[in-house]
Amino acid sequence: MKLLTAACLAALLWLTGCANAPNPTPGSPEATASSTTSAATRPSAPRSPMTLTLGGANPLQPIAAAEAYSRPVAQLAAPSDIWERIRSGFAMPDLDTDLVHDREQWYTARPDYLNRMTERSRKYLFYIVEELERRGMPTELALLPFIESAFNPQAVSSAKAAGMWQFMPATGTTFDLKQNVFRDDRRDVLASTRAALDYLQKLYNMFGDWQLALAAYNWGEGSVGRAIARNQKQGLGTRYVDLSMPNETRYYVPKLQAVKNIVANPELFRAELALIPNHPYFETVDIPGDIDVALAAKLAEVPLDDFKALNPSVHRPVILAAGTPQILLPWDNATIFKRNLETYHERLATWTAWTAPSTMSVASAAQRVGMSEYDLRNVNNIPPRMLIKAGSALIVPRLGALDNDVGSRVADAGQLALAPEIITRRTVVKAGRKDTVLSIAQRYKLTVSQVADWNDTKTSAAFKVGQSVIVYLPYQPRTPSLASHSGSSSNTKSAPSRATVSNTSSRPTRQAARSAAAPTRNTPTAAPSRRKH
């Protein structure tokens with residue numbers, strides 16, 4: 001009887017120890033140490049009726065009574081909301097500075113702004129936290145889009161950083177975020193989150209400090225590295241708070257720390273966080289082929305704005321399956337979409353892509369694809385006085401010969417290249433001594449055949465001194481100034497000193513199309529920014 005009692009007590013202690021043993025966080029030093037040392041340090045017990053095995057795992061081992069009372073009890077229930085789950089994964093060292101307190105006051109003084117941000121985040125937070133936990137990264141990083149974009153995936157900065165995680169075009173390309181005429185993966189929920197966490201992991205591995213990694217995410221790793229090197233050379237500290245940096249970066253980590261403090265203890269700051277369940281908000285759904293954005297939202301029975309909030313990378317009216325084979329839908333609506341798609345037997349896409357075979361005007365392209373010039377400009381965002389360069393991909397109606405899904409080459413790499421439309425005006429110049437068709441052509445950067453054609457002469461002809469020579473020169477039409485109400489036209493400057501502008505109307509020339517094919521920047525260069533990602 002005593003033996004039976006002792007055996008039962010040992011089994012109870014042993015099972016209690018197994019239940020109380022906390023699970024180390026994936027990727028933590030405890031998890032790594034446990035996996036590598038447990039087999040070597042634990043004494044192996046002989047298999048007996050008291051040694052249990054779960055699912056083919058190693059035998060469970062008994063523990064001492066004192067050990068059973070000292071170990072914490074593992075939590076069996078999952079966190080009820082996403083905020084609780086985020087709090088449980090905080091792992092970064094706290095920053096306690098005046099700038100942090102300043103930002104705490106700033107956020108708490110704007111409860112409406114805080115509510116809008118947290119409400120907007122409900123679509124994305126669960127997925128981001130899942131990815132962070134899977135990688136073993138601190139869950140504070142789930143709050144970073146509050147600082148970057150206020151959780152707006154359509155946000156674009158003045159320096160052209162885009163998306164929830166605010167990637168610059170070049171850095172986005174480095175992390176395989178496609179940017180073409182049909183989509184911008186810097187805005188894509190899944191792709192941009194993957195790229196952002198890849199980048200943050202790289203920066204942490206580079207600097208070994210999360211605050212420095214965050215500074216580098218905002219300022220660039222090169223800038224942070226140089227700032228550290230300067231301080232080392234001067235014998236100064238190399239922590240985040242020790243470095244000399246731009247104000248934007250100096251406030252960057254304090255902003256994140258302030259939001260972390262509010263999330264950690266909202267009652268202390270009299271803040272209300274939107275209730276966000278600890279449950280996936282969206283599900284990925286495969287699409288069978290190209291499909292109109294409006295139709296996809298309709299089949300899912302989701303408002304168009306909500307659909308675009310989950311699929312913000314698509315910036316044309318059609319989703320090309322070769323480049324975007326999946327869409328995101330609210331959890332419950334994914335099933336609705338699949339059911340409605342099965343019973344829908346009409347055309348899924350009314351738009352497709354067309355590649356311009358040569359450099360042409362918008363009017364000519366519109367005529368080829370059966371659209372009005374206005375509609376072609378509008379759907380492809382083509383500004384006035386621009387030519388479409390050869391090889392450009394445009395969204396056009398899916399009609400006639402264009403009734404196929406778009407291939408992967410165009411879907412992944414299609415670009416719209418534009419060139420300024422060159423407008424010429426009939427100009428009369430006076431020939432000088434020894435002027436010929438060739439010398440006039442060279443002077444005004446024209447071809448010999450053009451000058452000969454315009455003046456009804458041979459390409460080898462010579463002009464008399466003072467003879468009037470007709471040329472068509474490019475000019476930039478001026479927009480009338482708001483201050484000028486006289487109605488008189490301003491003088492147009494001619495390139496050469498001897499040229500005079502004729503009163504006859506201008507006409508397009510063959511030179512316009514040929515000149516437009518030359519590489520041209522059609523947008524002004526953006527002002528430099530400190531943001532490097």
Side-chain angles (χ1 to χ4, degrees), residues 25 79 81-97 99-153 155 157 161 163-167 189-190 192-201 203-204 209-218 240 248-269 271-278 281 531 533:
T25 303
D81 64 34
I82 200 66
W83 303 114
E84 182 182 349
R85 187 173 175 185
I86 290 174
R87 292 181 199 112
S88 67
F90 284 164
M92 290 185 187
D94 286 328
L95 183 69
D96 187 9
T97 65
L99 287 182
V100 173
H101 304 317
D102 175 80
R103 292 300 89 188
E104 288 172 349
Q105 294 176 6
W106 192 93
Y107 285 119
T108 53
R110 295 163 175 80
D112 291 344
Y113 175 68
L114 196 62
N115 289 339
R116 283 197 304 273
M117 287 201 304
T118 54
E119 184 63 34
R120 199 182 288 141
S121 72
R122 71 168 55 250
K123 297 179 175 67
Y124 318 109
L125 266 180
F126 180 89
Y127 174 76
I128 295 172
V129 172
E130 285 270 298
E131 287 298 296
L132 287 169
E133 290 180 347
R134 184 178 65 82
R135 294 169 179 245
M137 299 173 73
T139 52
E140 285 98 329
L141 296 174
L143 308 177
L144 194 58
F146 282 119
I147 314 306
E148 287 289 347
S149 63
F151 266 100
N152 179 8
S157 76
M164 190 162 56
W165 297 93
Q166 288 290 282
F167 272 95
V189 176
L190 307 188
S192 69
T193 299
R194 183 266 310 157
L197 300 192
D198 284 350
Y199 191 23
L200 287 163
Q201 280 186 316
L203 294 172
Y204 178 73
D209 179 281
W210 278 115
Q211 292 175 3
L212 292 176
L214 289 167
Y217 189 83
N218 175 260
Y240 172 80
E248 180 185 331
T249 310
R250 182 169 300 283
Y251 273 87
Y252 192 69
V253 175
K255 284 180 183 179
L256 182 63
Q257 181 70 53
V259 173
K260 172 185 176 179
N261 293 345
I262 293 171
V263 169
N265 196 347
E267 295 82 8
L268 178 64
F269 296 94
E272 293 185 10
L273 302 178
L275 178 61
I276 303 178
N278 185 27
Y281 183 89
R531 301 190 66 85
H533 71 274

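Sequential numbering from 1 along the given sequence is applied to the chain's residues.
Checking side-chain atoms of Lys260 against main-chain N and O of Phe90 turns up no donor-acceptor pair under 3.5 Å. Remark: side-chain polar atoms of Asn278 are paired, donor with acceptor, to backbone N or O of Pro79 under 3.5 angstrom. Between the side chain of Glu133 and the backbone N or O of Glu130, no donor-acceptor pair lies under 3.5 Å.
Applying the side chain to side chain donor-acceptor pair (under 3.5 Å) rule to Gln257 yields the partners Asp94, Asn261; only residues at least two apart in sequence or on another chain are considered. Under the side chain to side chain donor-acceptor pair (under 3.5 Å) criterion, Arg120 pairs with no residue at all, not counting sequence neighbours. When the side chain to side chain donor-acceptor pair (under 3.5 Å) test is applied to Arg122, the partners found at least two apart in sequence or on another chain are Glu119. For Tyr127, the ring pair (Phe, Tyr, Trp, His ring centres under 6.0 Å) test picks out Phe282, with sequence neighbours left out. A search for ring pair (Phe, Tyr, Trp, His ring centres under 6.0 Å) contacts involving Tyr240 returns nothing, not counting sequence neighbours.
Side-chain polar atoms of Tyr252 and Gln211 form no donor-acceptor pair below 3.5 angstrom.
Of all non-hydrogen atoms in Trp210 and Leu200, the two that sit nearest each other are CZ3-O, 3.8 Å. Residues Ala213 and Leu203 come closest through the heavy atom pair O-CD1, 3.4 Å. Across every non-hydrogen atom of Ala142 and Ile86, the tightest pair is CB-CD1, 4.5 Å. Between Leu273 and Thr118, the shortest heavy-atom contact is CD2-CG2, 4.1 Å. The two residues Val100 and Leu95 make their nearest non-hydrogen contact at CG2-O, 3.5 Å. Contact between Gln166 and Ser157 at its shortest, heavy atoms only, is OE1-CB, 3.4 Å.
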- Task: For the pair Thr139 and Arg87, evaluate side-chain contact (heavy atoms from CB on, under 4.5 Å) and give the outcome as yes or no after the intermediate values.
- Result: CA-CA 8 Å; Thr139 52; Arg87 292 181 199 112; over 6 Å; no
- Task: Might you work through the salt bridge (charged side-chain N to carboxylate O under 4.0 Å, His left out) test for Arg194 and Asp198, ending with a clear yes or no?
- Result: CA-CA 6 Å; Arg194 183 266 310 157; Asp198 284 350; 3.8 Å; yes
- Task: Walk me through it: do Leu214 and Leu141 pass the test side-chain contact (heavy atoms from CB on, under 4.5 Å)?
- Result: CA-CA 9 Å; Leu214 289 167; Leu141 296 174; 4.0 Å; yes
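Considering only heavy atoms from C-beta on, Val189 stays 4.5 Å or farther from Lys123 through its side chain. Residues Met137 and Tyr204 fail the side-chain proximity criterion, which asks for heavy atoms closer than 4.5 Å. Between Phe151 and Met117 the shortest side-chain heavy-atom distance does not fall below 4.5 Å.
A distance of 8.0 Å separates CG in Leu197 from CD1 in Ile128, rounded to the nearest 0.5 Å. One distance of note links CZ of Arg85 with CG of Leu125; it measures 10.5 Å at 0.5 Å rounding. Rounded to the nearest 0.5 Å, atoms CZ (Phe269) and CD1 (Ile262) are 6.0 Å apart. Taken from OG1 in Thr97 to CZ in Arg250, the straight-line distance is 9.5 Å, to the nearest 0.5 Å. A distance of 11.0 Å separates CH2 in Trp165 from CD1 in Ile147, rounded to the nearest 0.5 Å. A distance of 10.0 Å separates OG1 of Thr193 from OH of Tyr124, quoted to the nearest 0.5 Å.
Within the structure, ring pair (Phe, Tyr, Trp, His ring centres under 6.0 Å) pairs that include any residue of residues 102-123 comprise Trp106-Tyr113 (at least two apart or interchain).
One finds a salt bridge joining Glu131 and Arg134 here, because a Lys/Arg side-chain nitrogen approaches an Asp/Glu carboxylate oxygen to under 4.0 Å.
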